[in-house]
Visitor: 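Have a look at the structure that comes next, please.
Small disclaimer: the values here were computed from a predicted structure and weren't measured. Reminder, nothing fancy here: chain letters follow the sequence lines and each chain counts from 1.
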There are 2 protein chains.
Amino acid sequence: MPRTSSTRAPGGAVTLQQVATAAGVSLATASRVLHGSGGRKVAEALAERVTTAATELRYVAHAPAQSLARSRSTVVGVLVHDIADPYFAAIAAGAMDVAREYDLMVLVANTFRDPGLERDYLARLRAQRARAVLLAGSAFVGEPFAEEVAAFAESGGRVAAIGAHGTGIDTVEPDQYGGGRLIAEHLVGLGHREIGVITGPAGLATVAQRLAGFTSVVAAPRLVHADFTREGGRAATHELLGRHPEVTAVFALNDLMAAGALAALRELGRPVPEQVSVAGFDDLPVATDLTPALTTVRLQLADIGARAMRLLLDDEPGGRLVPAPAELVVRDSTGQASRLH
Amino acid sequence: MPRTSSTRAPGGAVTLQQVATAAGVSLATASRVLHGSGGRKVAEALAERVTTAATELRYVAHAPAQSLARSRSTVVGVLVHDIADPYFAAIAAGAMDVAREYDLMVLVANTFRDPGLERDYLARLRAQRARAVLLAGSAFVGEPFAEEVAAFAESGGRVAAIGAHGTGIDTVEPDQYGGGRLIAEHLVGLGHREIGVITGPAGLATVAQRLAGFTSVVAAPRLVHADFTREGGRAATHELLGRHPEVTAVFALNDLMAAGALAALRELGRPVPEQVSVAGFDDLPVATDLTPALTTVRLQLADIGARAMRLLLDDEPGGRLVPAPAELVVRDSTGQASRLH
DNA sequence: GTGGGGGTGGAAAGCGCTTTCCGCCTGCGA
DNA sequence: TCGCAGGCGGAAAGCGCTTTCCACCCCCAC
């Protein structure tokens, strides 16, 4: 029988006290050796006895107890709409990389764009005393949500957001507006005049900004709202082409919808880009694999997530705004406007 | 000035004591009202005073303190290779859904298939006293890792895995082997005899099993190892076709690699499926949007994640094995073997 | 030789919560 | 009228850790 039975609590984990006892030192000394916050020194010999005992017993500090005693936890939260959406997955991955640098663990919460869930998760992150929370994907910013954000900040946590989220909190602001403009200019440059836009829910800040950028160039595009997903894009495209067969270009407000748009156009027998051009937004990995390869706007999502996390974890005062560039990526799904109609 | 300044600690959060005082009751009573674990009743009037005070003050219980006192935490861990990989993102999303049902928060850790990182994260999950951990994507199962898993279990946490991970722990076992067979039978049925397989790292259990299923039907395929990514698939395909121009079908061990394979074949001017058939594995959402649409094996990833999480959280004894089916999805990327050569 | 100071280990007081007792009060039966 | 049981609120002892003190020891200076 291994040491387990003798030195380890029956059902539980090893405590610092057990390590201290095993090493023949006091609790305080053991703590200083293993987690000592500088300043205080412990004699070589003792220190070694302690570390030996700790590894022997496979000791790891009880994080909740540490959080309590130090009144600072080692977790950060990331709120995303849906981690299965590659947009958010990329952001989360970037953020998690940075969190690792800081030795923090990341709590991820899927909000499904449900304001209730968002508030709920934020409260629970506050309960965890998460050191910081990253609001990825600006949701429907509303009064009660803002209140919850304030409560979080007030109880000592930092908050940062990707995309506009109100004042006072650190923000990484992808240039959604500029990206919308880029697509508009690109399409107009190709001679398109009848352009349809298929968009996600109107309440989404991302949607609003991309659209605003676009309409700053193309005054009144044909608009169809739908889910911010592939299926939404497919349905919206059918509806758009049904209502406005004259459109020569479709701007999908994200790549997922664009994939749906391409599928719909294939179903309709409308060749892309010969008859209808299609553009997306985000430059997800899938964009190159679509047929034709998708013209889109590149956002450096992992980098955006990483920068937001850095904003959260450095010790600068809050309220900063870091712009993230949007870049036009021209591939094969857009071409000269057709002269057919 | 709102109540903030008067009733809330300067930099800190509201404590239960403050709520109790505000409600004019003892700490014990407040605790019983807000988190009382049944059994004990508190008079209506008092209870209401407490809940009122709590919402007034925006009180949320200090989770680390609760964990400490109850010696059970409210977080679970999910270890994935890379959350930006849609395969893992889907699994994680399914798992998170179930965690929400149980009112648990999910700590996600990206291990990048690095055994050191895996061990490290597992230790930290143990430190957090995570109630359970889901090992998604069986890594390189090694001695030290197994030891760390044992330590986790020993300290009271549950462990479940997706894919084989050794004995004694709950496992959801996607039918990787059967999926490999399905593809093999499908390709052979189409008349293919010269088949190439592009695979991920040999040490990955997933890879080994899929391949084993395949070779149980097709004895000695041409093999090329590469990264388990789109780029890996592209490179491997170039290499494969260079070395074995006679192959009439390529089996990519996941859809990401298949996407790369399609790209490579396009670059080589080899029409799919007329000259070369391509099959993948996973049925990621992207599979339908590839051109031609990808023949692949469907794994219900979200469901797999969800079931694994249920395994973790119900109170049944461990060591169960839940099979998850693999289903052939025939699309356009596979066809009759060409008679060209 | 004695006093003092620097350095190092240990005792103990929390951190915010849960939960076991304990004791009070009420109400009922004898 | 008194006793006792049942019910419910409160005091207090932890949960495992950090951190402030305090005490001690050794060494040096006077």
Side-chain angles (χ1 to χ4, degrees), chain A residues 8-50 53-54 57-74 126-129 131 155-156, chain B residues 8-50 53-54 57-74 126-129 131 155-156:
Chain A
R8 200 174 281 175
V14 182
T15 76
L16 185 55
Q17 179 64 72
Q18 292 174 39
V19 173
T21 306
V25 301
S26 79
L27 188 56
T29 301
S31 174
R32 282 196 272 258
V33 172
L34 296 175
H35 321 290
S37 49
R40 217 55 159 55
K41 251 177 284 178
V42 173
E44 268 303 311
L46 282 200
E48 190 168 324
R49 287 217 316 265
V50 172
L57 296 172
R58 292 197 148 290
Y59 170 76
V60 291
H62 192 299
Q66 266 182 320
S67 298
L68 184 56
R70 294 192 174 141
S71 55
R72 87 193 309 233
S73 80
T74 56
R126 178 153 63 99
Q128 297 287 343
R129 300 305 189 264
R131 205 183 284 187
S155 75
Chain B
R8 200 173 281 176
V14 183
T15 76
L16 185 55
Q17 179 63 71
Q18 292 174 39
V19 173
T21 305
V25 301
S26 80
L27 188 56
T29 301
S31 174
R32 281 198 271 259
V33 172
L34 296 176
H35 320 292
S37 50
R40 217 53 160 54
K41 250 176 285 179
V42 172
E44 268 303 312
L46 282 201
E48 190 167 323
R49 289 220 311 268
V50 173
L57 295 172
R58 290 195 149 290
Y59 170 75
V60 292
H62 191 297
Q66 265 182 320
S67 299
L68 184 57
R70 293 194 174 138
S71 54
R72 84 190 314 227
S73 80
T74 57
R126 178 154 64 99
Q128 297 287 342
R129 298 307 188 263
R131 205 183 285 188
S155 76

Visitor: How about A:Arg58 and A:Val14: do any of their side-chain heavy atoms sit closer than 4.5 Å?
Guide: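 No, too far: nothing below the 4.5 Å cut-off.
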Visitor: Can you sort out the partners of A:Ala23 under side chain to side chain contact (heavy atoms under 4.5 Å, CB included), two or more places apart, ordered by chain and number?
Guide: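 If we apply the side chain to side chain contact (heavy atoms under 4.5 Å, CB included) test to A:Ala23, skipping adjacent residues, the hits are A:Val25, A:Arg49, A:Val50, A:Ala53.
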Visitor: At under 4.0 Å between heavy atoms, which parts of nucleotides 8-17 of chain C does protein reach? Answer with one letter per nucleotide, 5' to 3': B base, S sugar-phosphate only, - none.
Guide: BBBB---BBB
Visitor: Taking C-beta and beyond as the side chain, do A:Leu46 and A:Val33 meet within less than 4.5 Å on heavy atoms?
Guide: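 SC-SC contact between A:Leu46 and A:Val33 ruled out.
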Visitor: Listed by chain and number, what are the side chain to side chain contact (heavy atoms under 4.5 Å, CB included) partners of A:Thr21, not counting sequence neighbours?
Guide: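 A:Thr21: side chain to side chain contact (heavy atoms under 4.5 Å, CB included) contacts with A:Gln17.
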Visitor: Do B:Gln128 and A:Thr74 have side-chain N/O donor and acceptor atoms under 3.5 Å apart?
Guide: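 A:Thr74 and B:Gln128 do have a side-chain donor-acceptor pair below 3.5 Å.
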